[in-house]
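Not measured: the values here are computed from a predicted model.
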Amino acid sequence: AGRCHCCQAPSSGFWKGGSWDCLGLRLSDDVLQDVAARFQAEMLKGLARDTNPTAAVKMLPSFVRSLPDGSEKGEFLAVDLGGSQLRAHRVRVSDDGKQSSQLESKFYPTPKEVTQGNGAELFDYIADCLSDFMDTRNLKQKKVPLGFTFSFPCKQTKLDEGVLLEWTKHFRVRGVQGTDVVSSLHRALQKHQDIDVDVLALVNDTVGTMMTCGYDDPRCEVGLIIGTGTNACYMEEMRHISLVEGDEGRMCINTEWGAFGDDGALDDLRTEFDRELDLGSLNPGKQLFEKMISSLYLGELVRLILLKMTKEGLLFNGKVSAALLTKGKIEMKHVSAMEKYKEGLSNTREILTELKLFPSEEDCVAVQHVCTIVSFRSANLCAATLAAILTRLRDNKKLLRMRTTVGIDGGLYKTHPRYAQRLHKVLRRLVPTCDVRFVLSRSGSGRGAAMVTAVALRLAAQRRRLDAALAPFLLPPSTLQQVRDSMRAELEYGLKREAQGQATVKMLPTYVRGMPDGTEKGKFLALDLGGTNFRVLLVKIKSGRRRSVQMYNKIFAIPLEIMQGTGEELFDHIVQCIADFLDYMGIKGARLPLGFTFSFPCRQTSIDKGTLVGWTKGFKATDCEGEDVVDMLREAIRRRNEFDLDIVAVVNDTVGTMMTCGYEDPNCEIGLIAGTGTNVCYMEDMKNIETVEGNEGKMCINTEWGAFGDNGCIDHIRTKYDREVDEGSLNPGKQRYEKMTSGMYLGEIVREILIDLTKQGLLFRGHISESLRKRGIFETKFLSQIESDRLALLQVRRVLQHLGLDSTCEDSIIVKEVCAAVSTRAARLCGAGLAAVLEKRRQDRGVERLQITVGVDGTLYKLHPHFSRILQETVKELAPQCDVTFMLSEDGSGKGAALITAVAKRLHNGDPEHLSDL
């Protein structure tokens, strides 16, 4: 008789070679791809806050954020409501190196008066069954955490709370819809004084299936149920779930895909039989997809098809029996039996005879065929929607090809002779770029609920330990006010004559007394030494209406052996770089005025004299501290004897930053550097500077605030990680504020925290990699990358992999949180310090509100995604009477040095007596 071209079942004569198109149930691969595309669109609707209320596929957040990692342990209870029986389980989970879980269960009936009665009776019945189970297992004296598997659509706002949206399957309990089912269970349990149960998690059976399989296979990130009902869940990126706050990590989404098509999306594929079945169901118009594929309905679909065919005289000589007219007489177990490979035909005859239908051989083959096309369509549709989920997972991961595992449960998949094989085959055709392993769940609804509860306990314990580690970095407003007030006291102290040599915040006079006025012009050289690179610049300044600053520069590296060698070697290297630049620019013969940006603490006695107080930022060149750096530069130029330069000014980069911004905005009186190091300068009233003669006008003070706290005044906010970083630095005990706020040290603080958390087993599976042991591996630029809002966790994992750290999704979330804690504290401490300077200026001026501009430079401020915003917010909080404009400096250390030199030359030409009074 041949085979049906739709489902490959043997076709009998009256099928006319299969040309009857299988009762409208035939679905080609093109149609299935279209179904997958439709389902993907429905998923997007359900995930978006705006469209979720009208979406048919609800995409319910489960608040399950993590799969088992194998470290779970303990004893748990689970109660499972949703099938034909209520099940109570005890699950023992151990991580004794073997990672195992043991399950003990007891089944209780769910009589009609319970499944279709009122809510109080239902939950009292569950509590009674649980009490009985605990009694049989001697658990009544113990406090046991419980996971509640509730296999109906619920809207969850947290893991242990869920409001029932609607009943499905054969349940119709009054007074439960729209209420929190966990609270109802709690109330029922409280009536049992002899048991102590804590309901920690509400779990959908689909989620339980995924979690059970996830315990055995870490790749499992999809759960699928094909049984009495049908549903799927999967791990979605938090950034795509607009119904839940936060965008870090992943969360399991319970799709509730049984309702796919309730909005008409599948109307063109639904047959007359689907419509008739729906009209006769308990919930007409609802769960339309489930009614096309789940075992609760497939037997009934077969009955309706057979009834129509019999009425049309195509079966049983047109004779309809009373049984064939009776709803529910053909069940899924009958369909499965009739489709069995060898005994299927004899099973069919037996079943039809029981229905008083007296079939011929041809009738039996035809009925088998009907069973096959109904179950085949179910497998096809299930494959299409599963393909949509797998495609979404692959796209989320930005992979061309993906390996994953689907945890699966349900009687239809498990007991039907061919369903699983058909599903796998069709899925491979629909998503050839996904290599899928199917793992059968071992009591997913029970063991899975226990797993969710175990993971919740593990995460709660981890969260407590993580919070404890990061708590010292969360500085409350009162602490920041203390820091501001301490900084203010140190600023005042550093200006006093008697404090010289004792003050930690040095408050160094710069002899810069004026700002650019726009008349500066000429060619100037600038040198910039302040980090691992050294720059030489030629700066051309034009005045008048077309005033402008043009710059040409070359960057030279300073090798570590020179940074930490002798002073003579360092300055000879600098002069070698200058010679290269002058050759490069073709200006070796010209004696140009030069400004030297030297970004280290210097005590100045005039604008062109600066004695190094002490090295910072990793420099350790000998025979420099206590020496005049301008003299050392002149000596090195003389030694080389190739060219001569007019060294006009030695400049700190912070002062250069202020001058650069002052050239654009006359209101700029403060310079801030937040980069490799940190510092502030500002224009102070001469009358307050006891270390310099004269009371008229202002002078720029280089605070050198990086040393704030070296006298112990901020020890109460330093953490054990700060102390470890300080002890491992080149200058232990020095620059303590800088070590808490600047780019050179933040990555190292993060590394110390990560090591501690890994030792506690909270990160990287407790394994400290060789790379994590390396000092300096965690550069501050990685903080900026990891904290970027645009960077998905997948990319955070790539950054960590680049550092040799093999991280999970959960690891990436923790690392991101650690980075945020460290950089936020840095920005807030920096803001507190700046607030002290601003308040001092406001009070010195005697104004109610201060309008002022702060010129800012530094990679931390410019490149970190949140540092500048947090710093500005902190300044607003701590100096509310100051209206501050933050202006980014364009090359303060180069352009600023040239401008100071230009102003010096202008004043020198006008009044040579007062060159030092710039």
Side-chain angles (χ1 to χ4, degrees), residues 509-528 537-551 592-597 604 606-608 646-672 680-689 692 694-702 837 841 844-845 847 850-857 884-918:
T510 64
Y511 294 84
V512 171
R513 295 172 183 260
M515 304 295 279
D517 66 1
T519 64
E520 295 77 18
K521 60 183 178 182
K523 288 182 184 177
F524 305 89
L525 277 179
L527 308 183
D528 173 16
L537 304 95
L538 174 64
V539 183
K540 295 179 181 175
I541 303 174
K542 289 182 183 170
S543 60
R545 276 193 319 177
R546 295 178 129 192
R547 75 178 198 159
S548 65
V549 179
Q550 284 179 298
M551 292 188 291
L592 294 174
L594 179 142
F596 183 13
T597 298
Q604 288 187 252
S606 70
I607 195 151
D608 64 344
D646 175 16
I647 304 170
V648 174
V650 62
V651 184
N652 180 277
D653 57 344
T654 322
V655 183
T657 293
M658 183 187 75
M659 290 296 273
T660 305
C661 294
Y663 186 67
E664 307 293 335
D665 179 352
N667 214 20
C668 181
E669 287 199 0
I670 298 176
L672 166 68
V680 154
C681 71
Y682 71 101
M683 295 303 287
E684 177 62 271
D685 297 327
M686 279 294 293
K687 64 176 186 282
N688 295 331
I689 310 170
V692 178
N695 287 327
E696 294 304 312
K698 296 176 187 172
M699 181 182 286
C700 180
I701 291 290
N702 166 20
V837 176
R841 289 308 297 141
D844 285 350
R845 282 201 203 171
V847 293
L850 176 69
Q851 305 272 341
I852 196 165
T853 297
V854 176
V856 197
D857 204 349
V884 186
T885 301
F886 287 86
M887 184 178 191
L888 278 179
S889 161
E890 287 179 63
D891 195 11
S893 44
K895 184 175 174 181
L899 283 166
I900 291 170
T901 307
V903 174
K905 291 304 280 184
R906 186 191 82 217
L907 292 177
H908 177 62
N909 293 339
D911 185 1
E913 292 295 309
H914 291 89
L915 174 57
S916 65
D917 293 354
L918 196 158

Worksheet item: Taking the side chain as C-beta and beyond, is there a heavy-atom pair between Glu696 and Met686 under 4.5 Å?
Response: no
Worksheet item: Rounded to the nearest 0.5 Å, how far apart are CD1 of Ile670 and SG of Cys661?
Response: 11.5 Å
Discussion item. Quick check: closest heavy atoms across Met515 and Cys668, and the distance to 0.1 Å?
Written reply: CE-O, 3.3 Å
Fill in: Pairwise distance CG(Leu527) to CD1(Ile647) - rounded to 0.5 angstrom
7.5 Å
Item to complete: Tell me, please, which residues at least two apart from Gln851 pass side-chain hydrogen bond (donor to acceptor under 3.5 Å, both in side chains).
Response: Asp883
Worksheet item: If you take all heavy atoms of Val651 and Ala897, which pair is closest and at what distance?
Response: CG2-CA, 4.3 Å
Response to the item:
The residue among Val512, Val837, Ile701, Thr654 that forms side chain to side chain contact (heavy atoms under 4.5 Å, CB included) with Cys681 is Thr654
Worksheet item: Distance from Asn652 atom CG to Met658 atom CE, nearest 0.5 Å?
Response: 10.5 Å
Worksheet entry | All side-chain hydrogen bond (donor to acceptor under 3.5 Å, both in side chains) counterparts of Asp857, not counting sequence neighbours | Lys862
Worksheet, complete the sentence: When rounded to the nearest 0.5 Å, the distance separating OG1 of Thr510 from CG of Asn702 is 7.5 Å
Worksheet item: With sequence neighbours excluded, what pairs up with Asp517 under the salt bridge (charged side-chain N to carboxylate O under 4.0 Å, His left out) test?
Response: Arg906
Practice prompt. For Gln604, check side-chain hydrogen bond (donor to acceptor under 3.5 Å, both in side chains) against everything at least two apart and list the hits.
Written response: none
Practice prompt. Please report the shortest heavy-atom distance between Ala649 and Ile900, naming the atom on each side.
Written response: CB-CG2, 4.0 Å
Worksheet entry | Ile541 side, atom CD1; Lys895 side, atom NZ - distance, nearest 0.5 Å | 9.0 Å
Item to complete: Please round to the nearest 0.5 Å and tell me the distance separating atom CD1 of Ile852 and atom CG of Asn667.
Response: 6.5 Å
Worksheet item: Do Leu672 and Thr657 come close enough that some side-chain heavy atom pair is under 4.5 Å?
Response: no
Worksheet item: Shortest non-hydrogen contact from Met659 to Gly896?
Response: CB-O, 4.3 Å
Discussion item. If we ignore hydrogens and angles and just use 3.5 Å, is the side chain of Arg841 paired with the main-chain N or O of Met683 as donor and acceptor?
Written reply: yes
Item to complete: Using side-chain hydrogen bond (donor to acceptor under 3.5 Å, both in side chains) as the criterion, list what pairs up with Tyr682, not counting sequence neighbours.
Response: Glu684
Discussion item. Please determine whether side chain to side chain contact (heavy atoms under 4.5 Å, CB included) holds for the pair Leu899 and Val539, giving the CA-CA distance in whole Å, both sets of side-chain angles, and the decisive distance to 0.1 Å.
Written reply: CA-CA 9 Å; Leu899 283 166; Val539 183; over 6 Å; no
Worksheet item: Is it true that a side-chain atom of Thr597 and a backbone atom of Asp653 form a donor plus acceptor pair closer than 3.5 Å?
Response: no
Discussion item. Which residues pass the salt bridge (charged side-chain N to carboxylate O under 4.0 Å, His left out) test with Asp665, not counting sequence neighbours?
Written reply: none
Worksheet entry | pair Tyr663-Val549: side-chain heavy atoms closer than 4.5 Å | yes
